[in-house]
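For this chain, numbers begin at 1 and follow the sequence in order.
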Amino acid sequence: MLTRATVESLIPILQRDARRALSMRVPGFPSPYYCSFLLKDVDTFNTWASAGSTGRSQTDRNRTVCCDLRVGSYEYDQVTDGGLRETDDELESSSFHTLPIDDSSFDGLRITLWRLLESKFREALADYNERQASRISTPDPNKGIRSFVRVKRASSRRHSKLDTVDYDRWSKFCKRASLWMSMLPRLSGSWVEFDASQETRIFVSTEGSVTVQSSQVISLSANLHKLTREGSRLEQELVINVGAVKELPDMARFKKLVLEKYEQLMRLSRARKIHAFSGPVLLCPGPAGLLFHEAVGHRLEASRLLSSGEGQTFKDQEGKEILKLPITIRDDPSMHSYRGKKCIGAYTYDDEGVRGRNAVLIEDGILKGFLTTRAAFKKGKHESNGHARTKQHQRPISRMAVTIVEGKKGLSFDRLKARLIQEIKRQKKPFGLIVYETNGGETDTTNYDFQAFSGDIAYATLVYPNGREVCVRGVNFVSTPLQALNNIIALGDTPELDNGYCGAESGLIPISTISPAALLSNLELQGKDEELVTPSILARPKILKRRPRPKQRRKKRA
């Protein structure tokens, strides 16, 4: 983490170079009107262990910068498609996003920034001319929409004190935990991993904004896998993402959580395999949050409304009902904690220097708004709600941060299950499904392909009309967004926080989702893409139980 003195030394350098950028001129071409730098300095530690042996232990530090140099004017500049397509690593500027980390001299930093500005300016002029030329043959769908909106100057220098992470302690933790896991019977393999990341972000712009923020994400994960007789590789994974060291489990708690995963894995190895299903499904809070994230969240990112290559599912739908139930969905980056646990997706200022605000997206089933950046997505007045985010050097686009799903008259889990059984009987289905855990999901929002999303089911059970539950494997849930949303018939009354990561055009970023369980009258399941593996030819070596070394006693002097 950067010291206060280093931060205060970097800010003037970034400010001077941003102002210098506005002086660049090429006759016959537009001049720069805005420049900002987003510097990210990241310290990371990662260790990985299996069978009581450390397989990786490494620390790293890197410093990157995202430069937003715009030519033309606030009304019309070179940025097209909401910035979604600006991810070309073959551009000349991509060579200058990594900055020196030597703080004894900043000459290398200044040279890199100079080269970055030169290449960014040339690329911006080329993009501006290309946008102008395309008007000859193709109508501009964003004609009359302002490219960039002015904001009030932001000033915030928070030098937060982050937790001290004991690298040696967590390396030993992983070794001990992995040795214990390797002795669990009937496993093909297992591992434990610990990862800690501490980040300092400095933002400056030619509008006079200066913001400094610090954040950290700590992850502890374990993986258990088993090869079935028919060659299917089954696995269960425990992933804990937190924002403070004190939120991590101790060894006793960690073993308890791993044993729960181990028991699920054993049940999966004996479970019935199904290939397809369509019927009532109850999603527990984690999977329900994933559904709302994939089906709704990405489609309410305003940057996608500026791209002609996007499906734009909810364009021009503000004020209209898109959910039959009175469900409210909002995204609030300022929610730094929930029920005593830190939300890793939270922040104070976004990556365009705008304070992150609570954005009400859907209120009682009615579409109210979108996740916005400083790029207007329609004509008229526009104000960013501070959701521009990027991983490193990619252009910031509108992304989720802390997404909250709320409903009225939520039901307990027992009542949701009873309602599920009623729905099974009403539809005369042989069974329904309860999805307890998912490993993640994906969606396609482009108009080139189908508007659909999917969720990778980690653990689920079939529920029969008599209430009996049987573990099942081999399927993932899939649907189209509008169909899935309209099939929600009830929500739970106990929201849960799920900290994770989301990948999109501007990189992999931390997010938080707070959602209750959700009951759907119908959700489709499809078979998992599975590659069979032949069993090992050699028998697995036996793990020797290691005894602790006896403590050496010091002899007393006569």
Side-chain angles (χ1 to χ4, degrees), residues 1-2 14 36-46 60-69 79 81-91 93-99 101 112 116 120 162 195-205 211-219 239 241-243 293-294 297-298 301-304 307 331 333 343-354 356 371-375 384 386-403 440-443 445 499-513:
M1 178 179 170
L2 290 178
L14 297 172
S36 69
F37 287 118
L38 173 67
L39 183 148
K40 294 191 177 188
D41 189 277
V42 185
D43 287 298
T44 59
F45 169 72
N46 178 272
D60 190 23
R61 183 183 175 199
N62 70 82
R63 185 178 294 174
T64 60
V65 66
C66 172
C67 175
D68 188 4
L69 180 65
V79 181
D81 287 324
L84 297 179
R85 310 297 170 230
E86 294 187 33
T87 56
D88 190 354
D89 289 335
E90 295 184 0
L91 293 173
S93 61
S94 65
S95 302
F96 309 118
H97 291 300
T98 301
L99 299 177
I101 58 175
T112 305
L116 176 62
K120 276 288 186 180
L162 303 181
D195 188 272
S197 172
Q198 296 187 332
E199 179 181 85
T200 301
R201 297 196 298 277
I202 304 172
F203 176 85
V204 305
S205 76
T211 66
V212 179
Q213 302 174 89
S214 300
S215 61
Q216 68 180 2
V217 178
I218 306 167
S219 302
V239 180
N241 297 310
V242 298
H293 177 95
E294 301 293 354
H298 282 297
E301 295 166 341
S303 296
R304 303 190 182 281
S307 174
D331 196 283
C343 301
I344 66 172
Y347 52 85
T348 304
Y349 288 89
D350 74 356
D351 293 338
E352 288 182 337
V354 178
L371 303 171
T372 61
T373 68
R374 292 180 60 178
S384 171
H387 281 79
R389 303 185 68 191
T390 180
K391 169 65 176 176
Q392 286 184 334
H393 61 271
Q394 302 91 340
R395 178 175 295 282
I397 63 172
S398 50
R399 303 285 297 275
M400 286 166 274
V402 182
T403 308
E442 61 179 322
T443 188
T445 60
N499 282 324
Y501 285 85
C502 172
E505 290 86 348
S506 61
L508 189 70
I509 58 174
I511 60 161
S512 302
T513 305

- Task: State, yes or no, whether a side-chain contact exists between S307 and R85 at a heavy-atom distance under 4.5 Å.
- Result: yes

- Message: Quick check for you: to the nearest 0.5 Å, what is the distance between Y501 atom OH and I344 atom CD1?
- Response: 5.0 Å

- Task: Could you tell me whether the side chain of S197 and the main chain of V217 form a donor-acceptor pair under 3.5 Å?
- Result: no

- Query: What pair of heavy atoms forms the shortest contact from F96 to V65, and how long is it?
  - Reply: O-CG1, 4.2 Å

- Is the closest side-chain donor-acceptor distance between S303 and S398 under 3.5 Å? yes

- Check for a donor-acceptor pair, side chain of Q216 on one end and backbone N or O of G243 on the other, with a separation under 3.5 Å. yes

- Spell out, as yes or no, whether a donor-acceptor pair under 3.5 Å connects the side chain of D41 to the backbone of L2. no

- Message: Contact between I511 and T403 at the side-chain level, heavy atoms closer than 4.5 Å - yes or no?
- Response: no

- List the steps and the verdict of side-chain contact (heavy atoms from CB on, under 4.5 Å) for M400 and T513. CA-CA 9 Å; M400 286 166 274; T513 305; over 6 Å; no

- Message: Quick check against the 3.5 Å criterion: does D351 have a side-chain atom that pairs as donor or acceptor with the backbone of P396?
- Response: no

- Out of curiosity, I509 CD1 to Y347 OH, how far, rounded to the nearest 0.5 Å? 8.0 Å

- Item | Contact summary for C343 and V402, nearest pair of heavy atoms | CB-CG2, 4.0 Å

- Exercise: identify the closest heavy-atom pair between D350 and H387: OD2-N, 3.4 Å

- Do side-chain atoms of D331 reach the backbone of A401 as a donor and acceptor pair under 3.5 angstrom? yes

- Message: According to side-chain hydrogen bond (donor to acceptor under 3.5 Å, both in side chains), who are the partners of E301, at least two apart in sequence or on a separate chain?
- Response: H298, R304

- Query: Hey, does H393 have a side-chain heavy atom less than 4.5 Å from the side chain of T64?
  - Reply: no

- Message: For the CG atom of L116 and the OG atom of S93, what is their distance to the nearest 0.5 Å?
- Response: 6.5 Å

- Message: So, applying side-chain hydrogen bond (donor to acceptor under 3.5 Å, both in side chains) with S506, which one of R399, Q394, R395, R389 is it?
- Response: R399

- Note on the structure: Value for SG (C502) from NE2 (H293), rounded to nearest 0.5 Å, stands at 3.5 Å

- Do I397 and L84 pass the side-chain contact (heavy atoms from CB on, under 4.5 Å) test, and can you show the C-alpha distance, the side-chain angles, and the key distance before you say yes or no? CA-CA 7 Å; I397 63 172; L84 297 179; 3.4 Å; yes

- Task: Check whether any side-chain heavy atom of Q198 lies under 4.5 Å from a side-chain heavy atom of S214, and answer yes or no.
- Result: no

- Hey, does the side chain of K40 reach the backbone of K391 with a donor-acceptor pair shorter than 3.5 angstrom? yes

- Message: Could you check whether any side-chain heavy atom of Q392 comes within less than 4.5 Å of a side-chain heavy atom of H97, counting everything from C-beta outward?
- Response: no

